[in-house]
Amino acid sequence: MAGLGIAAVAAAAIGISASGAATSDSARTAPADAPKALLADGDDRLPSGAAADWVTYADHVVVVSVTGEKALQPTRTELDRGEGLIGRKVALTVDKVLWSRKDAARPAPRAWEYNAAGWAFSEGKPEQRTPVALHDRPRMEKGHQYVIALAWDGPRCSPGEAVEAGRWMGLGEGSELPFDGGVIGQGENEGAPQPLAKARTDAAKAGAVGDLEDQLAGSGAGELVAKLKAATPATKQLPLAAPCS
């Protein structure tokens with residue numbers, strides 16, 4: 001995609017603005033011969049690859065289903081330039097709460113909207129869009145289930161600007177796991193179906209340095225909960241946001 005840097009795609013895919021206006025869900029996708037997803041890299045918000053990370057930084061670990069999605073309007077600058085990103089918000093319903101910290105910031109939500117990777121467009125054709133996904137991370141697509149370690153990110157305050165409302169967020173790459181059929185590693189990943197055999201192959205390649213998903217590939221919720229109960233939280237925790245006065 002000429003002129004559209006992968007770093008820009010990655011940054012926007014992680015932090016898509018929640019303030020954009022929704023576009024029509026009937027907008028056409030890219031042609032059939034277009035790539036299934038444009039893969040980008042991004043930085044983790046918090047450590048997320050190990051059970052100890054989850055019990056240190058997450059408020060809750062939940063099983064969710066994606067029940068809907070809506071596209072966000074590209075910025076006027078992107079439309080004038082003829083290339084850019086179309087943000088996406090997905091509707092998540094909590095099917096089950098697997099684990100909660102004793103001093104969780106808030107009770108686990110029953111449902112919420114989640115800023116997810118959306119689409120990229122070029123050549124002045126936003127109606128022909130290519131999905132964007134992050135490497136080794138679910139894109140969060142309708143009809144699939146996931147396990148998410150989520151934390152409440154409180155209101156953010158900047159001098160001279162309106163208060164940004166608090167929201168539920170994942171920790172990072174390792175905090176969202178495919179969970180179709182109640183099996184960790186099975187389901188959608190990087191915008192494409194991931195069979196359990198591939199998850200197990202990836203886990204075998206990772207070996208002892210694999211993250212939580214690799215360690216539990218093919219396991220169910222019970223094994224994950226046992227892993228979390230056995231984990232020891234870090235003694236020092238990072239503040240997620242400065243309090244608003």
Any side-chain to backbone donor/acceptor pair from [X] onto [Y]? Under 3.5 Å, distance only.
X	Y	answer
Q194	G185	yes
R45	G170	yes
H60	S100	no
R129	W119	no
D214	A206	no
E78	T75	yes
R101	D103	no
D202	A199	no

**Study point:** Single-linkage hydrophobic cluster, 4.5 Å side-chain cutoff, L196 and L216 together
**Key:** no
Review point. So if you build clusters from Ile, Leu, Val, Met, Phe, Trp, Tyr with side-chain heavy-atom gaps below 4.5 Å, do V147 and V183 land together?
Key: no
Exercise for review: Kindly indicate whether the side chain of M140, heavy atoms from C-beta on, has any atom under 4.5 Å from the side chain of L92.
Suggested key: yes
Practice item. Check whether any side-chain heavy atom of L224 sits under 4.5 Å from a side-chain heavy atom of L98, and report yes or no. Key: yes
Rounded distance (nearest 0.5 Å) linking atom [atom1] of [X] with atom [atom2] of [Y]:
X	Y	atom1	atom2	result
E127	I86	CD	CD1	9.0 Å
I148	S175	CD1	OG	7.5 Å
M169	L150	CE	CG	11.0 Å
R167	W152	CZ	CH2	10.0 Å
E213	E173	CD	CD	9.0 Å
F179	Q186	CZ	CD	10.0 Å

Point to revise | Pairing of E113 and K89 as salt bridge, 4.0 angstrom limit | key: yes
Exercise for review: Give the intermediate values and the outcome of salt bridge (charged side-chain N to carboxylate O under 4.0 Å, His left out) for residues R139 and E141.
Suggested key: CA-CA 6 Å; R139 189 171 180 269; E141 297 193 336; 3.1 Å; yes
Practice item. Kindly indicate whether a cation-pi arrangement holds for R110 with W168, taking the cut-offs as under 6.0 Å to the six-membered ring centre and within 45° of the axis. Key: no
Exercise for review: Please report the C-alpha distance between E69 and K142 in whole Å, then the side-chain angles of each, then the deciding distance to 0.1 Å, and finally whether the salt bridge (charged side-chain N to carboxylate O under 4.0 Å, His left out) criterion is met.
Suggested key: CA-CA 7 Å; E69 68 174 25; K142 186 176 179 180; over 6 Å; no
Practice item. Classify the side-chain pair S48/D53 by whether it contains a donor and acceptor separated by less than 3.5 Å. Key: no
